[in-house]
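Below, all heavy atoms of this structure are taken into account, side chains as well, without hydrogens, waters or symmetry copies. Computed from a predicted structure; not experimentally measured. The sequence lines fix the lettering, A, B, ..., with proteins before strands; numbering per chain opens at 1.
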Number of protein chains: 2
Amino acid sequence: MFYQNKKNMTTRYFLNNNLSSDNESRQIKQSAKIIRFLAKSDVPVSLPVIANHIKVSVPTITKLINDLMEQDMVVEDGKKETDNGRKPSVYSLTKSHFYTVGVEVLLRRIQVNITDLNLNSVFISKNTTFELENSEACREEVLAFIDHAISESDIAKKDIIGVGLGMTGRVNGVTGRSYNFFGFDDLPFADFLSKELDLPVFIENDTRVIGVAELVIGKVKNINNNIIVNISRGVGMTIIVNRKMVTGGNGFAGEFGHMQFVGNEGRLCICGKKGCLDTEVSGKALELLFNESIAAGEQSLMLPAGKENIRYDDIISAANDGDYLPMALLQQQGEKLGAALGNIINLLNPEMIVIAGKYSRAGSFFRDSIRSGLYKTGLKDPLANCQIISSELVQNTGAIGAAAIVLRKYDLI
Amino acid sequence: MFYQNKKNMTTRYFLNNNLSSDNESRQIKQSAKIIRFLAKSDVPVSLPVIANHIKVSVPTITKLINDLMEQDMVVEDGKKETDNGRKPSVYSLTKSHFYTVGVEVLLRRIQVNITDLNLNSVFISKNTTFELENSEACREEVLAFIDHAISESDIAKKDIIGVGLGMTGRVNGVTGRSYNFFGFDDLPFADFLSKELDLPVFIENDTRVIGVAELVIGKVKNINNNIIVNISRGVGMTIIVNRKMVTGGNGFAGEFGHMQFVGNEGRLCICGKKGCLDTEVSGKALELLFNESIAAGEQSLMLPAGKENIRYDDIISAANDGDYLPMALLQQQGEKLGAALGNIINLLNPEMIVIAGKYSRAGSFFRDSIRSGLYKTGLKDPLANCQIISSELVQNTGAIGAAAIVLRKYDLI
DNA sequence: AATAGTTAATAAAAATTTTTATTAAATAGT
DNA sequence: ACTATTTAATAAAAATTTTTATTAACTATT
């Protein structure tokens with residue numbers, strides 16, 4: 001017996017590796033291995049199967065599992081149907097003790113999803129009137145929102161593995177620092193939240209959080225090397241190499257929007273340079289292009305001249321409905337995007353490229369235009385081995401991806 | 001006692017993980033951990049230190065080390081000087097039982113270096129009259145050259161951990177296949193060599209092999225995210241993310257030479273596209289540019305008009321000696337290179353970029369011109385966190401890097 | 001229905017590993 | 001020179017884990 005109140009253990013206790021090497025910690029390490037294995041398995045598993053994976057004998061596993069059951073961490077799930085031989089009892093984690101909090105903080109929106117180990121949301125809270133600004137008051141607002149969501153969900157803190165947070169701007173996931181927000185008193189935002197919430201907190205860039213969502217529940221689930229292009233009003237990129245997110249030395253990686261691809265003849269970008277992709281291929285740019293075309297006398301069926309406040313999502317919808325001008329403009333953007341992606345394919349040889357963000361809603365004509373652009377820059381071999389697809393994830397992607405970051409940190413996914 | 005002839009064990013025996021889970025393999029796994037730890041430590045270490053790292057008690061480590069000493073794998077290195085307490089005996093690997101073979105196969109050159117665990121060459125063999133071609137005869141020639149080098153070195157095969165080979169062209173390090181050479185009968189070249197030499201063989205692209213050399217013995221030794229640009233007659237790139245080489249899904253990654261950066265107005269490249277970096281920034285391009293300038297009437301101090309067969313290395317030397325035209329041309333190339341690298345810095349946020357290959361010999365004026373080019377495309381933050389340096393590795397880089405690939409595969413470095 | 005074949009789970013015995021205690025070897029201070 | 005202190009190495013005892021043997025549960029076949 002290695003601790004007193006067996007029914008009061010926190011999930012985190014097992015997953016924390018910084019323990020001394022006495023006997024207690026040995027058993028905890030073995031238990032952690034079992035928990036990780038059970039978490040990754042989508043079906044309940046038998047003692048011999050666990051023993052085989054953990055490389056420990058069946059009697060030992062029996063003892064460990066019994067201990068974990070006493071602690072309410074593991075439950076028996078009855079017998080399993082087999083073709084022959086005695087049917088084994090199978091075991092799985094007690095779902096109600098393994099929750100993760102995923103938070104998405106965007107400029108005008110904050111959302112919390114509390115998810116189980118399979119990333120199903122068991123509680124959702126969002127605020128679409130939120131306004132992000134770099135003030136201590138806003139930092140408190142974010143903290144309060146998360147804290148309130150946790151209380152409202154009625155999930156005990158001891159059953160929460162950790163909090164993942166994806167936010168706008170540049171973020172260094174290793175140091176837990178946001179470069180644009182909430183870095184007061186030189187205290188990393190992740191550390192601030194962790195202290196206040198009394199939970200482990202991991203933060204990441206919003207685009208990378210969406211990339212992780214694609215990696216764990218999206219179409220690139222089993223693909224090791226891929227790229228997720230997040231195009232909505234702006235454009236961002238998550239690079240996945242060997243199933244891991246590329247963050248670079250300081251968390252700045254993926255600044256695809258400022259890739260220069262047309263020489264220096266393009267529009268001036270907010271970054272101060274000319275010819276950035278963001279000025280040509282983005283929702284912002286689409287609105288601009290559309291308005292310019294209309295002003296130049298071109299016609300659009302569904303968005304007649306004179307209509308005010310045309311938003312890029314409307315243009316994409318119109319294109320999907322077959323309206324000529326919006327479709328032509330999107331194809332134009334697709335070709336440019338393709339040419340830029342061709343360079344990246346040559347560099348990184350990804351197996352798949354996912355178009356995520358609002359642009360994922362654009363019809364196949366858009367992907368076709370990207371493909372056509374690829375040939376301008378991409379080499380034959382890497383191109384032949386790379387698929388371009390649109391994301392199918394719709395709702396909650398950011399918050400679920402943020403939760404996934406926690407599960408990945410603890411190697412539970 | 002877990003095997004008979006203790007003095008006849010091969011080093012490979014320990015490092016191979018595919019063993020059943022009986023007691024013998026348990027001890028071998030523990031021994032492998034000790035070997036890996038000793039290999040990585042550059043000084044002999046004591047029993048308590050090993051015990052602490054391997055997370056096993058001192059008596060157990062004592063037994064394992066004694067067994068390894070009986071097998072001649074480990075030697076005692078006397079007592080260590082300490083400040084207080086009893087002085088411990090310290091242990092290290094028997095150097096003479098841990099060799100690696102590194103092979104570099106280029107178009108007109110083949111070289112074998114046999115190295116110890118510290119990547120010091122103990123035997124070198126090279127052939128500069130070699131001509132690489134995709135024929136079975138040439139494949140046999142490569143095999144014979146390696147085989148002959150091993151025999152000549154008088155190192156027993158059982159003391160060789162494995163063979164690493166870096167070669168020109170596209171290579172998939174995972175499948176062991178070269179796309180350009182020696183893929184006869186659908187047998188991966190690595191498998192062919194492995195079968196014939198009766199040794200584990202790992203192959204890689206020549207540029208990536210140089211990149212690994214930089215990572216293990218070069219200036220980026222302790223840098224996790226970096227880029228090694230290999231510029232000689234052509235231009236290649238090794239991308240290192242989280243201390244690991246990026247190969248992409250099919251080993252095509254790093255095709256930097258065909259990155260398009262000047263729109264489609266450049267020269268026609270051998271890849272069929274226009275505007276590739278290779279047509280502007282490479283030894284080839286430098287020769288072309290120089291000849292064009294001379295033909296257009298420009299003057300060069302050290303390479304007067306009329307001289308035949310001017311090679312790019314000579315132009316670099318002349319530039320280093322202060323000759324104006326060569327220096328101006330190199331600066332022109334550096335600026336373009338910098339602009340291309342700026343995009344990559346935005347994408348990957350490397351901490352360091354190493355200029356390797358023949359161009360690493362170019363003076364600081366060249367690096368300065370690269371830096372000046374960076375500002376055209378690179379964003380402020382990632383740029384501020386990225387250094388540009390020249391490689392200091394000179395000789396044997398390819399073969400040593402190839403040997404390093406083996407050590408990395410076995411986690412000995 | 002009995003039996004052979006298969007896999008699971010438990011019990012008992014054997015082996016291994018760790019913990020604790022003891023001895024050894026060294027330094028520094030009185 | 002002796003003693004206290006520190007770390008290393010070994011020995012003996014205690015705990016843990018694995019191996020082997022046995023029993024249990026189930027299917028398919030004769």
Open item on the list: Test of understanding: with salt bridge (charged side-chain N to carboxylate O under 4.0 Å, His left out), list the residues that count as partners of Lys33(A), not counting sequence neighbours.
Closed with: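 Counting only residues at least two positions away or on another chain, Lys33(A) forms no salt bridge (charged side-chain N to carboxylate O under 4.0 Å, His left out).
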TODO: List in chain and number order the residues that pass salt bridge (charged side-chain N to carboxylate O under 4.0 Å, His left out) with Glu204(B), two or more places apart in sequence or in another chain; answer none if no residue qualifies.
DONE: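 Here the qualifying residues are Arg208(B).
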Task: Charged N-O contact under 4.0 Å between Asp411(B) and Lys40(B) - done: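 Salt bridge: yes.
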Task: Distance test, side-chain N/O of Gln30(A) to OP1/OP2 of dT17(D), below 4.0 Å - done: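 For dT17(D), OP1/OP2 do have a side-chain N/O of Gln30(A) under 4.0 Å.
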Open item on the list: For a quick test of reading the model: is some side-chain N or O of Thr60(A) closer than 4.0 Å to OP1 or OP2 of dT18(D)?
Closed with: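 Answer is yes, contact under 4.0 Å.
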Task: Euclidean distance, atom CD1 of residue Ile65(B) to atom P of dA8(D) [Å, nearest integer] - done: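 Going from CD1 in Ile65(B) over to P in dA8(D) covers 15 Å.
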- [ ] Residues of residues 86-94 of chain A with any non-hydrogen atom less than 4.0 angstrom from an atom of DNA chain D: list those, numerically ordered, please.
- [x]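 Under 4.0 Å from DNA chain D: Arg86(A), Lys87(A).
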- [ ] Could you note down all residue pairs passing salt bridge (Lys or Arg N to Asp or Glu O under 4.0 Å) where residues 81-99 of chain B supplies at least one of them, sequence neighbours left out?
- [x]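 Matches after skipping sequence neighbours: Glu81(B)-Lys87(B).
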TODO: Only pairs at least two apart or in different chains count here, so list each salt bridge (Lys or Arg N to Asp or Glu O under 4.0 Å) that has a residue in residues 44-54 of chain A.
DONE: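 Checked against salt bridge (Lys or Arg N to Asp or Glu O under 4.0 Å) - neighbours excluded - no pair reaches residues 44-54 of chain A.
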- [ ] Can you run down the ring-ring contact (aromatic ring centres under 6.0 Å, His included) pairs that involve residues 53-77 of chain B, sequence neighbours left out, and say none if there aren't any?
- [x]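 Checked against ring-ring contact (aromatic ring centres under 6.0 Å, His included) - neighbours excluded - the pairs reaching residues 53-77 of chain B are Phe37(B)-His53(B).
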- [ ] Answer with base, sugar-phosphate or nothing: what part of the nucleic acid does Lys80(B) contact at a heavy-atom distance below 4.0 Å?
- [x]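 If one applies the 4.0 Å heavy-atom cut-off, Lys80(B) turns out to touch nothing in the nucleic acid.
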Task: Upstream residue (5' side of DNA chain D) when Val56(A) and Asn84(A) are each assigned their closest nucleotide - done: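 Its nearest nucleotide being more 5', the pick is Val56(A).
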